> 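Take this structure first; my questions come after.
FYI, the numbering just counts along the sequence from 1. Not measured: the values here are computed from a predicted model.
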Amino acid sequence: MAEPAAGVLGTPGERRAPVVPAGVAALREQGLAVLVERGAGAGARYSDEEYAAHGARPASRDEVLAAGLVLCVTRPPAADLARLGPGQTLMGLLRPSEDPGPLRAAAAAGATLVALEGVPRTLSRAQTMDALSSQASVAGYKAVIEAARAYDGYLPLLMTAAGVARPARVLVLGAGVAGLQAIATAHRLGAVVTGYDVRPEAREEIASVGASVLEAGGLDAGGEGGYARALAEDEQAAQRAALAEAAAGFDIVICAALVPSGPPPLLLTAEAVDRMRPGAVVVDLACGPRGGNAAPAVPGAEVRTPGGVAVIGAGDLAATVPRAASEAYSRNITALAAHLLDGGRVAVDLEDEIQAGVVAAHGGRGLHPALAGPDAPSAHGAATAAGPGEDHGSP
């Protein structure tokens with residue numbers, strides 16, 4: 001019997017690598033030969049020669065897609081998904097709730113689909129596999145750097161011969177992993193930072209990383225599993241009104257509120273952004289195909305409102321720090337692979353809490369609700385509060 005193989009697959013337009021050269025050893029320890037698509041690490045400046053030096057074999061895309069275990073960052077194109085079949089497992093940030101058709105077809109063809117979005121985030125033994133958190137941390141850091149780039153002043157207090165420059169006032173909406181990293185980074189750079197979240201436990205975390213807590217609207221929306229509960233329509237209206245009033249007093253607003261498998265909550269309306277001063281900056285980490293936290297945000301673009309506010313749609317920020325993001329993601333995906341592998345082959349056990357969360361399809365059928373059929377509901381009810389949610393920058 002041929003040695004089981006893991007294929008490391010690049011995704012067009014994606015700069016992160018699924019596995020870095022140093023991560024090859026973790027796969028080989030599981031009894032796998034490792035094939036790496038030529039150029040798969042180039043976006044993060046890992047050469048094919050580095051992979052080979054760590055025991056991997058550079059290979060064509062066709063060879064990688066024929067491996068028993070195929071590792072990716074974000075979902076491969078539909079044409080690649082159509083080539084998967086029985087005995088193969090695809091593992092990555094697959095976004096099952098978004099455009100599920102190609103994934104359903106791969107599932108029907110017999111491929112096992114493992115979506116890292118489903119890692120149980122409150123389970124301590126799964127923390128090393130939590131790619132959403134690792135990528136959100138990168139995105140939260142980079143959000144502050146992007147804000148500083150677009151801002152027309154200093155972040156820290158500076159005393160110069162020409163006078164005193166006051167520190168920037170930064171508001172972070174949503175205190176999940178990305179939001180807390182943004183708070184910590186802005187604080188280290190010398191800004192005066194305020195955080196906002198509707199969950200009581202998150203307010204304690206905001207204070208723990210050096211920020212004051214914005215009490216806007218008096219909402220308390222703690223829910224199950226660390227997520228915020230869905231807000232009623234009147235609560236949403238009260239939240240937006242309170243945030244509009246508060247945001248006008250800040251120089252930079254970083255939006256980092258996402259929800260599990262649903263559209264992100266709208267926190268800043270166009271009118272709220274218009275109330276901010278000219279030169280202010282809004283960075284929306286939730287901005288993507290399903291909307292964002294800030295109404296004027298455009299995915300992947302920086303726009304300036306008629307009032308002079310820079311609004312940055314930054315849903316893919318982790319990919320703009322590809323080296324650090326790849327190193328973290330590589331540790332996540334190799335840890336999850338080790339948990340699923342037995343003798344070099346994926347052994348699905350849906351009684352296991354981690355596998356029950358991540359295995360989106362197996363045995364010819366979809367297990368994730370979005371893949372179970374054309375009329376299946378999304379995996380989770382969409383919350384509408386500023387909470388941690390899926391908390392990712394790119395996936």
> For the hydrophobic clusters of this structure (ILVMFWY residues joined by side-chain heavy atoms under 4.5 Å, transitively), does one cluster hold both Val298 and Val311?
yes
> Do Met129 and Val73 sit in one hydrophobic cluster, given that two such residues count as connected whenever their side-chain heavy atoms are within less than 4.5 Å of each other, even indirectly?
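Shared cluster, yes.
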> How would you list, by chain and number, every residue that makes a salt bridge (charged side-chain N to carboxylate O under 4.0 Å, His left out) with Arg149, sequence neighbours excluded?
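Checked Arg149 against salt bridge (charged side-chain N to carboxylate O under 4.0 Å, His left out); matches are Glu146, Glu302.
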> List the atom of Ala286, the atom of Ala257, and the distance in Å for their closest heavy-atom pair.
CB-O, 3.6 Å
> Any ion pair linking Asp48 and Arg57 (charged N to carboxylate O, less than 4.0 Å)?
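No.
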> Do the side chains of Val321 and Leu93 join up, straight or via other hydrophobic residues, at under 4.5 Å, putting them in one cluster?
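Different clusters: Val321 never reaches Leu93 through Ile, Leu, Val, Met, Phe, Trp or Tyr contacts under 4.5 Å.
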> Decide, yes or no, whether a salt bridge links Arg275 with Glu245 under the criterion of side-chain N to carboxylate O below 4.0 Å.
no
> What is the minimum heavy-atom distance between Ala26 and Thr334, and which atoms define it?
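Taking Ala26 first and Thr334 second, the nearest heavy atoms are CB-CB, 4.0 Å.
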> Using atom types as modelled and distance alone, determine if a side-chain donor or acceptor of Arg199 lies under 3.5 Å from a backbone N or O of Gly174.
no
> Thr11 side chain to Thr74 main-chain N or O, any donor-acceptor pair under 3.5 Å?
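Side chain of Thr11 to backbone of Thr74, a donor-acceptor pair under 3.5 Å: yes, one is there.
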> Are more than 12 heavy atoms, taken from residues, nucleotides or ligands other than Asp152, located less than 6.0 Å from that residue's CG atom?
yes
> Under a 4.5 Å cut-off applied to non-hydrogen side-chain atoms, are Val19 and Ile333 in contact?
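Yes, at least one pair of side-chain atoms sits under 4.5 Å.
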> Are there more than 12 heavy atoms of other residues, nucleotides or ligands under 6.0 Å from atom NE2 of His187?
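Counting neighbours around NE2 of His187, 12 or fewer heavy atoms of other residues, nucleotides or ligands fall under 6.0 Å, so no.
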> Apply side chain to side chain contact (heavy atoms under 4.5 Å, CB included) to Asn332 and Thr128, showing your working.
CA-CA 6 Å; Asn332 299 144; Thr128 57; 5.6 Å; no
> Rounded to the nearest 0.5 Å, what separation is found between the OH atom of Tyr51 and the CG atom of Leu35?
13.0 Å
> How about Arg203 and Glu215: do any of their side-chain heavy atoms sit closer than 4.5 Å?
yes
> Taking the six-membered ring of Tyr46 as reference, does the cationic atom of Arg323 (NZ for Lys, CZ for Arg) lie under 6.0 Å from its centre and within 45° of its axis?
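The answer is yes; both the distance and angle limits are met.
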> Do Arg16 and Gln135 have side-chain N/O donor and acceptor atoms under 3.5 Å apart?
yes
> Please test Val282 against Cys255 for side chain to side chain contact (heavy atoms under 4.5 Å, CB included), starting from the C-alpha separation and ending with a verdict.
CA-CA 7 Å; Val282 175; Cys255 302; 4.1 Å; yes
> Between Leu90, Leu103, Thr89, which is the residue that forms a side chain to side chain contact (heavy atoms under 4.5 Å, CB included) with Leu84?
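Passing option: Leu90.
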> To the nearest 0.5 Å, what is the distance between CD (Glu37) and CZ (Arg61)?
4.5 Å
> Quick one, Val8 and Val64 - any side-chain contact, counting heavy atoms below 4.5 Å?
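Not touching, per the 4.5 Å side-chain cut-off.
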> Any side-chain heavy atom of Arg121 within less than 4.5 Å of one from Ser133?
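Yes; the side chains approach each other to less than 4.5 Å.
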> Are Glu204 and Ser208 linked by a side-chain donor-acceptor pair shorter than 3.5 Å?
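No.
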> Do Val209 and Val192 share a hydrophobic cluster (ILVMFWY, side-chain heavy atoms under 4.5 Å, transitive)?
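No, it is not one cluster - the side chains of Val209 and Val192 are not joined through contacts under 4.5 Å.
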> With Thr112, which residues qualify under side chain to side chain donor-acceptor pair (under 3.5 Å), at least two apart?
His362
> Mind checking the CG-NZ spacing from Leu285 to Lys142? Nearest 0.5 Å is all I need.
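Output value for this atom pair is 11.5 Å.
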> Would Val253 and Val281 count as a side chain to side chain contact (heavy atoms under 4.5 Å, CB included) if you check the C-alpha gap in whole Å, the side-chain angles of each, and the deciding distance to 0.1 Å?
CA-CA 6 Å; Val253 178; Val281 178; over 6 Å; no
> I'd like to know if the side chain of Arg28 reaches the main chain of Leu32, judged simply by a donor and an acceptor atom lying under 3.5 Å from each other, with no hydrogens or angles considered.
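Answer holds: no.
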> With a 6.0 Å cut-off (strictly less than), is the heavy-atom count around OH of Tyr151, excluding the residue itself, greater than 12?
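Yes, enclosed.
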> Can you tell me how far CG of Leu71 sits from CE of Met91, rounded to the nearest 0.5 angstrom?
6.0 Å
> I'd like to know if Arg125 pairs up with Asp352 as an ion pair, taking the criterion as any Lys NZ or Arg NE/NH1/NH2 lying under 4.0 Å from an Asp or Glu carboxylate oxygen.
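Judged by the 4.0 Å cut-off on N to carboxylate O distance, Arg125 and Asp352 do form a salt bridge.
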> Using side-chain heavy atoms (C-beta onward) and a distance below 4.5 Å, is Leu116 in contact with Leu132?
no
> Holding to side chain to side chain donor-acceptor pair (under 3.5 Å), I want the full list of residues that pass it with Arg166, two or more places apart in sequence or in another chain.
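Partners of Arg166 by the side chain to side chain donor-acceptor pair (under 3.5 Å) criterion, ordered by chain and then number, come out as Asp251.
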> Between Asn293 and Leu173, is a side chain to side chain contact (heavy atoms under 4.5 Å, CB included) present by the stated rule, with each step listed?
CA-CA 9 Å; Asn293 294 153; Leu173 303 178; 5.8 Å; no
> Might you confirm whether atom CZ of Arg365 has over 12 heavy atoms from other residues, nucleotides or ligands at distances under 6.0 Å?
no
> Using the test side chain to side chain donor-acceptor pair (under 3.5 Å), find all partners of Asp274 that sit at least two apart in sequence or belong to another chain.
none
> Roughly how far apart are Leu113 CG and Arg75 CZ, rounded to 0.5 Å?
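Reported to 0.5 Å precision, the distance equals 9.5 Å.
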> For the residue pair Leu268 and Pro296, what are the closest heavy atoms and their distance?
O-CD, 4.4 Å
> In residues 353-360, what donor-acceptor pairs under 3.5 Å come from side-chain atoms, sequence neighbours left out?
unit_1	atom_1	unit_2	atom_2	d
Gln355	OE1	Asp349	N	2.8
Gln355	NE2	Ala347	O	3.2

> Hey, could you give me the CD/CG distance between Gln30 and Leu69, rounded to the nearest 0.5 Å?
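Reported to 0.5 Å precision, the distance equals 10.5 Å.
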> With side chains defined as the heavy atoms from C-beta onward, is the minimum distance between Ser212 and Leu214 less than 4.5 Å?
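With C-beta onward as the side chain, the pair stays apart.
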> Partners of Thr305 by side chain to side chain donor-acceptor pair (under 3.5 Å), sequence neighbours excluded?
none
> With Val144 as reference, evaluate Val170, Val283, Val172, Thr185 under the side chain to side chain contact (heavy atoms under 4.5 Å, CB included) test and give the passing residue.
Thr185
> Using a 4.5 Å cut-off on heavy atoms from C-beta on, say whether the side chain of Ile252 contacts that of Leu171.
no
> If you take all heavy atoms of Pro322 and Arg15, which pair is closest and at what distance?
CG-NH2, 3.4 Å
> Do Val138 and Ile312 sit in the same hydrophobic cluster, where Ile, Leu, Val, Met, Phe, Trp and Tyr count as joined when their side-chain heavy atoms come under 4.5 Å apart?
no
> What pair of heavy atoms forms the shortest contact from Pro4 to Gly344, and how long is it?
CB-O, 3.4 Å
> Check whether any side-chain heavy atom of Val198 sits under 4.5 Å from a side-chain heavy atom of Glu235, and report yes or no.
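Side-chain contact under 4.5 Å: no.
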> Where do Leu317 and Ala139 come nearest, in terms of heavy atoms and distance?
CD1-O, 3.7 Å
